[in-house]
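Reviewing the structure listed below.
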Amino acid sequence: MSVIGIDFGNESCYVAVAKAGGIETITNDYSLRGTPSCVAFSPKNRILGVAAKNQMVTNMKNTVFGFKRLLGRKFSDPHVQKELKHFPFKVEQRPDGGIGIRVNYLGEDNVFSPEQITAMLFTKLKDCATTALQTQINDCVISVPSYFTNAERSALLDAAAIAGLNVLRLMNETTATALAYGIYKQDLPAPEDKPRNVVFVDFGHSALQVAACAFNKGKLRVLATSSDPNCGGRDIDMALAEYFCQDFVSRLKLDARKNQRAFLRLLQEVEKLKKQMSANSTRLPLNIECFMEERDVSGDMQRQQMEQICADTFNRVERTLRGILHNAKLRPEDIHSVEIVGGSTRIPAVKALIEQVFGKQGSTTLNQDEAVSRGCALQCAMLSPAVRVREFSVADAQPYGVRLAWDAARGEDGDMEVFPAFHAAPFSKMLTFYRREPFSVSAYYSDQVPYPDTLIGQWNIKDVQPTAEGESQKVKLKVRVNIHGIITVASASLLEKKQDSAQNENVEMENANENVQGQEAPMETNGQEQNGLDNQEVREGGGEGEQHKQTWTQRVGQWFSGDKSKDKAKKVLVKTIELPIESRTHGFAQHELNTYMEQEGKMQAQDRQEKERADARNALEEYVYELRGKLSEGEVLHDFVAEDQRNKLVNTLDALEQWLYDEGEDQNRQVYSDKLSELKTEGEPIKQRRLEFELRPGAMDDFALAI
Ligand code: ATP
Ligand code: MG
């Protein structure tokens, strides 16, 4: 079984595989390393990846792109409304407020969610990997922007589940890059030495992400991140397209904004121009044939002019670069190097800004396009038993502060910050509540997030009852930022205590540093009592699935009686009872996921069927051409069949060719394979005669004499 890493980019995806010999990038069905994040629909099948992008201009309304930015969002979200302006395909509001993408598929209107569309792309990536590696693919690590919130992360996990992928980790893109950097560095400082601080800048198609990481031998720690989810290469394309639109209006009276197809072509052409300008500072031409109203257009631009037109984007880049110094509390001189990845870091103005802000040139130690997927593949190998790789510890950071709020009881505050911004992740904290009845807690982002709603979720803790004496019970909640960066209340348990003799017990004064059943080591305990809560922190090594069983645990605790002079150690039995939790947070319910998985399965079967049909048609077509060619004058089969039979056969072949382009264009697979078998009954004996002739000793000499 192979383990893979997927970089799910807004524009293109990369897939890497971890093998015993190292990390390799998988090429797709077009032998390309990058697969466009593009999904299209036709009357017969889905068209995925490269093929989808290739037919975009001629099938605009049914070619979906840019969906990474729609994951986990509502239709009314202002961010979504802004994106819609650039889509040639139809997007609508679903009855539940979610996003529906309406396309014509199999000759009918179909509405798909962004999660389903993402799953279709993942299906393609999975197929390419399965074909390339000739093995089943299940386990993977998928990259996410570090600024993704709970809703977007959950949606991505749902998409992967629909595609039948088992995600061992959603990994922040810049963290994956950092891992790809660190694992091959032989000269990192020793564990006890001052770490090496490296800044990673990933400027892609739609977003800019920066991370500061501290490296020691065998480990990395993300200190902080800084990002702009609305600043990427596409903003430059858009600004240039707007410029040329105005230029064409004033010079040629052609308004491309009124023609979606022309505007899409213009965007594709300015992107090419932008890339050329990265390598060339002279004036460069832009020519588009038959642009609009059957007219050709042309224009030109110089790099300096582009920098002026896109000044707003470059200002945003500078602000985000400076942001990392502030967030990580680093000065430029504290930074060892700045590593750059992502297509848009190739722009000279961006390189200049990096040098200006950090006082050093950006280095390109890493493959700019493939670093994220390589880091993900490495992480996947570390998490999976299937492949052995060098261990490298990755401590990520949670990008936003998280607060927990609850119904205040007994004068508690009812609100506390569980994770400040850039707190280590994954991580669990144990919070203790004293309750005699069911209660609920809610989690919120306390910082500004690139999402309209700061609510993360609500959890109802059920089955809490008072003690036999009517007192409050001790309830422990495990609040966690999990391996995917998702905030959750992972468990709730009730701790019932029994002592083997009647001792004056005072639970409120219990030592807060006690161990709690079910926690993993190593454990950090802060032991503070706050608002009736005692909190314990657990840094997680990674991996889900700890079990909370109902167990009797015998421990020796230090208890205080009313008379402190009588302090003595004493045996206490603690019964840990797992409490049911009802949660309301992001993501599909299991039954919805099941429906989508079933739908995806049917679409895959349809694609397979269509492929088999097309393959059968191609096989027949190929045979017709091949046989006719070989039967013609002077060709290899010409003399191995009597003339009248040959003429009859050639007539059949001509008729078949005609049929293939006529009513035979769209038949089912069986029709083609039947015709092929029929044809072979005539063609194969002729080929056989030729073969037998060839195998006769000296046959080729005879043949040469014969012709
Ligand atoms: P994101 O990371 O935003 O989700 P992505 O990972 O798909 O998207 P990348 O592949 O890193 O994005 O970068 C694609 C962007 O880089 C495109 O906007 C592309 O035009 C731009 N780009 C690629 N090469 C160059 C170049 N030589 N000069 C300028 N821009 C370039
Ligand atoms: Mg990217």
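Worth saying up front: this structure is predicted, and the values here are computed from it rather than measured. Just follow the structure's listing: the first ligand is 1, and inside any ligand the first atom is 1.
Remark: aromatic rings of Phe87 and Phe65 are close, center separation under 6.0 Å. Separation of the Phe112 and Phe41 ring centroids falls under the 6.0 Å cut-off. Centroid-to-centroid, the aromatic rings of Tyr400 and Phe419 stay 6.0 Å apart or farther.
Considering backbone and side-chain N/O of Ser278, one or more are found under 3.5 Å from N/O of ligand 1. In terms of polar-atom proximity, Ser12 is counted as a contact of ligand 1, with an N or O under 3.5 Å from an N or O of the ligand. Note: an N/O pair closer than 3.5 Å links Asn10 and ligand 1 by distance alone. The shortest N or O to N or O distance between His205 and ligand 1 is below 3.5 Å.
Around atom CD of Glu355, more than 12 heavy atoms belonging to other residues, nucleotides or ligands sit under 6.0 Å away. By the 6.0 Å contact criterion, NZ on Lys360 is enclosed, its count of non-hydrogen atoms from other residues, nucleotides or ligands being greater than 12.
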Next item on the list: Begin with the C-alpha distance, continue with both residues' side-chain angles, and end with the deciding distance and a verdict on side-chain contact (heavy atoms from CB on, under 4.5 Å) for Arg265 and Ile288.
Entry: CA-CA 8 Å; Arg265 284 188 66 203; Ile288 311 176; 3.3 Å; yes
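Atom 17 (C) of ligand 1 has as its closest protein heavy atom Glu11 OE1, 3.5 Å. Protein heavy atom closest to atom 2 (O) of ligand 1, with residue, atom name and distance, is Gly204 CA, 3.9 Å. For atom 30 (N) of ligand 1, the nearest protein heavy atom (residue, atom name, distance) is Lys274 CE, 3.6 Å. Gly343 O, 3.3 Å is the protein heavy atom nearest to atom 31 (C) of ligand 1.
Atoms of ligand 1 found under 4.0 Å from any heavy atom of Gly9 (numbered from 1 in listed order, with element): 4 (O), 5 (P), 6 (O), 7 (O). With ligand atoms numbered from 1 in the order given, ligand 1 contributes 17 (C), 19 (C), 20 (O) to contacts under 4.0 Å with heavy atoms of Glu271. Against a heavy-atom cut-off of under 4.0 Å, Ala207 is close to the following atoms of ligand 1: 3 (O).
Using a cutoff of 4.0 Å between basic side-chain nitrogens and carboxylate oxygens, Arg319 and Asp228 are not scored as salt-bridged.
A donor-acceptor pair under 3.5 Å is absent between the side-chain atoms of Asn259 and the main chain of Ala256, judged by distance alone. At distances below 3.5 Å, at least one donor-acceptor pair connects side-chain atoms of Asp158 with backbone N or O atoms of Phe588.
Under 4.0 Å from ligand 1, the heavy atoms of Ile347 that appear belong solely to its side chain.
When Gly342, Gly233, Ser344 are ranked by how near their heavy atoms come to atom 21 (C) of ligand 1, first place goes to Ser344. Nearest to atom 27 (N) of ligand 1 by heavy-atom distance, out of Gln276, Lys68, Arg346, is Arg346.
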